[in-house]
Amino acid sequence: MTRWTKKLKSRWHRLSRITQAVILGMALLLIAFRLALPSLVERYVNRKLSELPSYNGHIGEVDIHLYRGAYSIHHIEVVKKTGQVSVPFFSARAVDF
């Protein structure tokens, strides 16, 4: 074991059980939030697209790339409603922001 890991282990054992539980609980909540984030974003964007008065739209899967601060949207389609005819406004297999 290196000196650094011994020091870290020593500090972890000095924390109270309650503090350790709070830290582990927060870590689990952050992991759960990260796992749920793509579906939350997808639902939010689809809801906002459905609220547009003169457009219809839908997106597919959303990938969140935290390490580079980006996200990808797969299968995006936006259609403009003009009277009886719907005109394609934007369509793409994948968009990377």
Side-chain angles (χ1 to χ4, degrees):
M1 232 192 266
T2 66
R3 201 163 131 188
W4 184 80
T5 55
K6 284 181 185 178
K7 195 176 194 179
L8 184 62
K9 193 174 182 180
S10 169
R11 284 185 183 174
W12 179 256
H13 286 295
R14 275 191 258 147
L15 293 176
S16 70
R17 293 273 182 206
I18 294 173
T19 306
Q20 288 177 356
V22 167
I23 291 171
L24 290 175
M26 295 279 285
L28 289 174
L29 281 174
L30 287 172
I31 290 169
F33 179 71
R34 169 60 184 98
L35 292 174
L37 189 60
S39 62
L40 293 172
V41 170
E42 180 182 336
R43 275 191 250 143
Y44 175 77
V45 171
N46 279 327
R47 186 176 18 149
K48 288 300 180 183
L49 284 173
S50 69
E51 292 174 0
L52 293 173
S54 58
Y55 293 92
N56 281 336
H58 181 76
I59 65 167
E61 183 182 338
V62 175
D63 293 329
I64 308 285
H65 310 285
L66 290 179
Y67 61 92
R68 62 184 180 122
Y71 59 96
S72 301
I73 299 175
H74 301 279
H75 309 291
I76 183 169
E77 184 175 311
V78 180
V79 178
K80 185 173 184 176
K81 297 182 285 187
T82 57
Q84 300 294 332
V85 180
S86 294
V87 179
F89 181 72
F90 180 77
S91 179
R93 288 172 115 176
V95 178
D96 192 25
F97 293 101

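Being a predicted model, the structure only gives us computed values, none of them experimental. The residues of the chain are indexed from 1 along the displayed sequence. Values below: every heavy atom of this structure, side chains too, minus hydrogens, waters and symmetry copies.
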Point to revise | Evaluation steps, side-chain contact (heavy atoms from CB on, under 4.5 Å), between Leu49 and His58 | key: CA-CA 7 Å; Leu49 284 173; His58 181 76; 5.7 Å; no

Practice item. Start with the C-alpha distance between Val41 and Ile64, add both sets of side-chain angles, then the distance that settles side-chain contact (heavy atoms from CB on, under 4.5 Å), and finish with yes or no. Key: CA-CA 9 Å; Val41 170; Ile64 308 285; 4.2 Å; yes

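Placement of Val62 and Val78 within a single hydrophobic cluster is found when ILVMFWY residues are connected by side-chain heavy-atom separations under 4.5 Å, directly or transitively. Under a hydrophobic-cluster definition in which Ile, Leu, Val, Met, Phe, Trp and Tyr are linked whenever side-chain heavy atoms come within less than 4.5 Å, directly or via other members, Val45 and Phe33 are assigned to the same cluster. Cluster annotation: Leu35 and Met26 are assigned to distinct hydrophobic clusters (Ile/Leu/Val/Met/Phe/Trp/Tyr, side-chain heavy-atom contacts under 4.5 Å, transitive). In the hydrophobic clustering of this structure, Val79 does not group with Ile59; members are Ile, Leu, Val, Met, Phe, Trp, Tyr whose side-chain heavy atoms approach within less than 4.5 Å, directly or through other members. In this structure, Tyr44 is a member of the same hydrophobic cluster as Phe97, with clusters built from ILVMFWY side-chain heavy atoms closer than 4.5 Å.
Of the residues listed (Glu77, Lys81, Lys80), the one engaging Asn56 in a side-chain contact (heavy atoms from CB on, under 4.5 Å) is Lys81, and it is the only one.
The minimum heavy-atom distance between Glu61 and Glu42, with the atom names listed, is CA-OE1, 4.0 Å.
The closest side-chain heavy-atom distance from Tyr71 to Leu37 is not below 4.5 Å.
Within the 3.5 Å criterion, the main-chain N or O of Pro38 finds no donor-acceptor partner in the side chain of Asp63.
Taken from OG1 in Thr19 to CG in Leu24, the straight-line distance is 11.0 Å, to the nearest 0.5 Å. From Arg93, atom CZ reaches atom NE2 of His74 across 11.5 Å, with rounding to the nearest 0.5 Å.
Within a 6.0 Å sphere centred on CD1 of Ile18, heavy atoms belonging to other residues, nucleotides or ligands number 12 at most.
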